Amino acid sequence: MTELLGTILPYITTILLFASIYAVFALGLNLEWGFTGLINFGHVAFFAIGAYTTVLLNISGCPLIISVIAGVALAGFFGFLLGIPTLRLREDYLAIVTIGFSEVLRSILLNEEWLTRGPFGVHGFDRPFHDVIPYQHYNTFLLILFVAILVLVYFALERLIQSPWGRVLKSIREDEAVPSALGKNVFSYKLQSLIIGSAIAGLAGAMLAFYITYINPCTFKPIETFHAWIIVILGGTASNKGTIVGAIILWAFFSGTKFIDRIVPVPFESHQMGAFRMIVVGLLLMLLMMYKPEGIFGTKEELALSD
Amino acid sequence: MKAVDGCSIDIESGTVVGLIGPNGAGKTTMFNLISGFERGSGEIMFKGNRTDNLPPFKIARCGMVRTFQIPRALTKMSVLENLMLAPTMQRGERIWNVCLRRKKVLEQEQAIKEKSMGILEFFEIDNLKDEYAGALSGGQKKLLEMARAIAIDPSMMLLDEPFAGVNPTLSRKISGHIDELRESGMTFLIIEHDIPAVTKISDWIVVMNEGRVMAEGEPEEIKRRKDVLDVYLGGEG
Ligand SMILES: Nc1ncnc2c1ncn2[C@@H]1O[C@H](COP(=O)(O)OP(=O)(O)OP(=O)(O)O)[C@@H](O)[C@H]1O
Ligand SMILES: [Mg+2]
């Protein structure tokens with residue numbers, strides 16, 4: 001029994017670590033899309049900015065906590081920069097510009113070696129309290145830390161969403177002519193939403209770096225943006241609780257399929273497994289859209305009434 | 001062809017002006033121009049300041065609010081939330097207040113809630129406060145639209161067909177309320193096809209046709225104008 005626990009526990013810890021990182025990452029997107037209706041197809045860029053800023057500052061001698069704060073702030077600042085020219089225009093402009101930005105950023109990460117160390121990536125940076133926590137317990141510690149961060153982000157977002165500020169965001173999502181006619185500066189609220197959503201993605205980026213201890217440009221492929229969208233849609237758009245559950249489900253599924261060939265024979269090579277998993281994710285999403293389109297935690301009324 | 005061309009309207013504060021005219025005359029377009037939702041080449045003055053270069057939200061903050069002909073209910077928000085959105089300059093609309101001055105925000109939120117409930121009661125939709133606005137009937141959405149505009153305490157209201165689809169008893173009640181608000185100094189510009197209703201509450205009537213003002217005057221005078229009868233009032237006069 002203890003032996004089984006010994007093999008299963010680290011496995012569950014891994015799932016939960018990834019799930020908590022991606023839950024934070026997707027909560028940022030949920031603020032933008034779920035509550036404000038902003039279409040951000042380059043969410044991964046802010047993930048990358050947070051991660052890279054944190055580790056690059058740290059290896060050049062900056063204390064860890066300050067590096068993280070700088071990473072979060074810089075991710076938010078880039079949200080601001082991208083929002084300024086796009087958020088006054090039609091909603092698809094943000095989608096296009098964020099997609100472009102995330103690809104440009106990845107090519108900068110690859111090519112500007114003096115700054116980013118190029119394709120070889122960055123490692124050897126500090127991890128929080130790594131000198132006081134015994135090595136064999138470090139992941140457990142990290143999990144506790146990440147869950148604490150997740151809970152903090154969750155409650156902060158809930159407080160914001162349930163405030164009059166959040167009410168304005170939701171009204172923008174529904175029909176921005178209404179808040180405009182009622183004297184709300186729609187552009188400013190969209191910008192605030194994008195800045196906060198991006199900053200949260202930046203925080204998730206720092207978390208990811210701490211866990212995987214080595215980042216390179218390939219860590220931040222466009223597929224990561226897609227993962228955040230899957231999580232938000234799976235859990236139920238505009239539900240922060242749903243987003244967290246969505247992250248757990250997605251990572252349980254990913255890890256489950258990673259090792260499934262050890263339990264039951266599957267007719268794939270391991271390199272085909274990745275593609276197979278995405279096919280299954282796609283199928284599951286289609287089924288979800290057919291039978292529970294509002295997501296696991298979304299409310300049916302909210303979706304049924306959209307016109 | 002321009003939807004509105006060479007129009008000039010003067011509205012004295014504290015009066016009710018009715019804007020009538022056939023379908024497609026340019027009335028709603030006129031509202032869009034005044035409220036900043038569309039840009040034109042003319043000049044618009046409100047309380048002595050030019051507003052034609054201001055975005056809609058700034059015009060609304062000056063105290064001029066408009067309703068939409070086709071009601072724009074925020075469908076996935078509750079009726080009460082729709083109303084509580086309206087008041088301008090709420091403390092809790094600023095992030096730092098939400099984070100740092102929670103108590104003050106909650107106090108004001110409570111006051112806004114009570115006031116909103118009062119307005120919902122007036123429009124007889126208070127029993128629907130927790131429903132999603134998308135679940136309301138057409139007429140109820142119309143009422144919500146007007147209720148939301150009143151909730152921002154404007155000094156001038158532009159109402160686009162406020163009585164369309166509203167039951168007669170409630171129409172009369174709303175007319176009565178417009179009268180009261182006018183007494184307290186509020187100004188109204190009202191588009192309406194219900195001629196008896198609009199002539200009854202208006203101090204002045206403006207008639208538009210094909211993007212131009214074709215006539216204006218006191219209600220009784222307008223009802224007798226031959227040209228207005230021809231293009232618009234027809235058999236009714
Ligand atoms: N966005 C637009 N683009 C082009 N033409 C428009 C637009 N909006 C309105 N129009 C045209 O402008 C004219 C005036 O429209 P408007 O909506 O102002 O009429 P209205 O007087 O409000 O009519 P109704 O009583 O039917 O509401 C119409 O001929 C209409 O087709
Ligand atoms: Mg009209």
Side-chain angles (χ1 to χ4, degrees), chain A residues 31 34-37 76 87-88 152-153 155-197 199 236-239 294-295 298-307, chain B residues 31-32 35-37 55-68 70-78 80-99 102 105-106 108-109 112-113 131-136 144-145 148-149 151-154 158:
Chain A
L31 180 70
F35 291 101
T36 327
L87 291 176
R88 284 183 205 275
L152 219 67
V153 171
F155 280 106
L157 281 172
E158 282 294 303
R159 176 181 280 201
L160 282 175
I161 284 312
Q162 284 159 19
S163 73
W165 183 82
R167 192 159 58 214
V168 178
L169 291 197
K170 283 191 272 177
S171 74
I172 293 171
R173 175 192 72 193
E174 296 300 298
D175 182 351
E176 64 175 78
V178 173
S180 293
L182 295 173
K184 320 292 180 199
N185 186 349
V186 167
F187 171 71
S188 155
Y189 283 95
K190 284 182 177 176
L191 199 56
Q192 292 172 45
S193 170
L194 188 60
I195 292 170
I196 297 175
T237 295
S239 163
E294 68 277 15
T299 40
K300 189 136 208 164
E301 290 80 356
E302 288 206 7
L303 213 97
L305 291 170
S306 62
D307 42 8
Chain B
F31 266 26
N32 289 343
S35 57
F37 279 86
F57 79 91
K58 285 198 177 154
I59 296 177
R61 283 185 191 174
C62 291
M64 177 152 63
V65 68
R66 60 89 52 94
T67 64
F68 295 95
I70 299 159
R72 289 173 177 259
L74 303 166
T75 52
K76 296 178 215 165
M77 294 167 72
S78 75
L80 183 59
E81 269 187 300
N82 263 266
L83 224 68
M84 291 179 68
L85 171 73
T88 38
M89 302 298 172
Q90 298 182 29
R91 282 194 196 112
E93 286 177 353
R94 294 183 186 280
I95 278 191
W96 51 88
N97 285 345
V98 176
C99 299
R102 192 167 158 74
V105 168
L106 288 176
Q108 194 188 37
E109 188 73 345
I112 290 173
K113 188 171 179 179
E131 296 290 323
Y132 281 108
L136 299 188
L144 178 61
E145 178 84 21
R148 211 167 45 194
I152 90 170
D153 278 330
L158 310 177

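What you see is a predicted model; the values in this text were computed from it and never measured. Here is the naming used below: chain letters follow the sequence lines, and residue numbers restart at 1 for every chain.
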Got a second to check how far [X]'s [atom1] is from [Y]'s [atom2], nearest 0.5 Å?
X        : Y        : atom1 : atom2 : value
B/Arg61  : A/Lys184 : CZ    : NZ    : 8.0 Å
A/Asn185 : B/Glu93  : CG    : CD    : 10.5 Å
A/Arg173 : B/Thr75  : CZ    : OG1   : 8.5 Å

Chain A: which of [options] shares the most heavy-atom pairs with it under 4.5 Å?
options                            : value
B/Ile112, B/Thr67, B/Ile95         : B/Ile95
B/Gly92, B/Gly36, B/Ala60          : B/Gly92
B/Arg66, B/Met84, B/Glu81, B/Gln90 : B/Met84

Which atom of [X] lies closest to which atom of [Y], heavy atoms considered:
X        : Y        : answer
B/Thr88  : A/Gly183 : CG2-CA, 4.2 Å
A/Pro164 : B/Val105 : CD-CG1, 4.1 Å
A/Val178 : B/Arg148 : CG1-CZ, 3.5 Å

> Is chain A contacted by the side chain of B/Val98, its backbone, both, or neither, given a heavy-atom distance below 4.5 Å?
Replying inline: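 For B/Val98, backbone and side chain are both near chain A.
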>> Taking side chain as everything from C-beta outward and backbone as N, CA, C, O, which of these in B/Pro87 sits under 4.5 Å from a heavy atom of chain A? Side chain, backbone, both or neither.
In response: backbone
>> Under 4.5 Å from any heavy atom of chain B, what part of A/Ala177 do you find: side chain, backbone, both or neither?
In response: both
> Would you say A/Lys170's side chain and B/Leu74's backbone share a donor-acceptor pair under 3.5 angstrom?
Replying inline: no
> Under the 3.5 angstrom rule, does the side chain of A/Glu174 hit a backbone N or O of B/Lys76 as a donor-acceptor pair?
Replying inline: yes
>> With a strict 4.5 Å heavy-atom criterion, list every residue of residues 187-197 of chain A that contacts chain B, or say none.
In response: A/Tyr189, A/Gln192, A/Ile196
> If you count heavy-atom pairs under 4.5 Å with chain B, which of A/Ser163, A/Ser180, A/Ala156 comes out on top?
Replying inline: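 Among the listed options, the one with the most contacts to chain B is A/Ser180.
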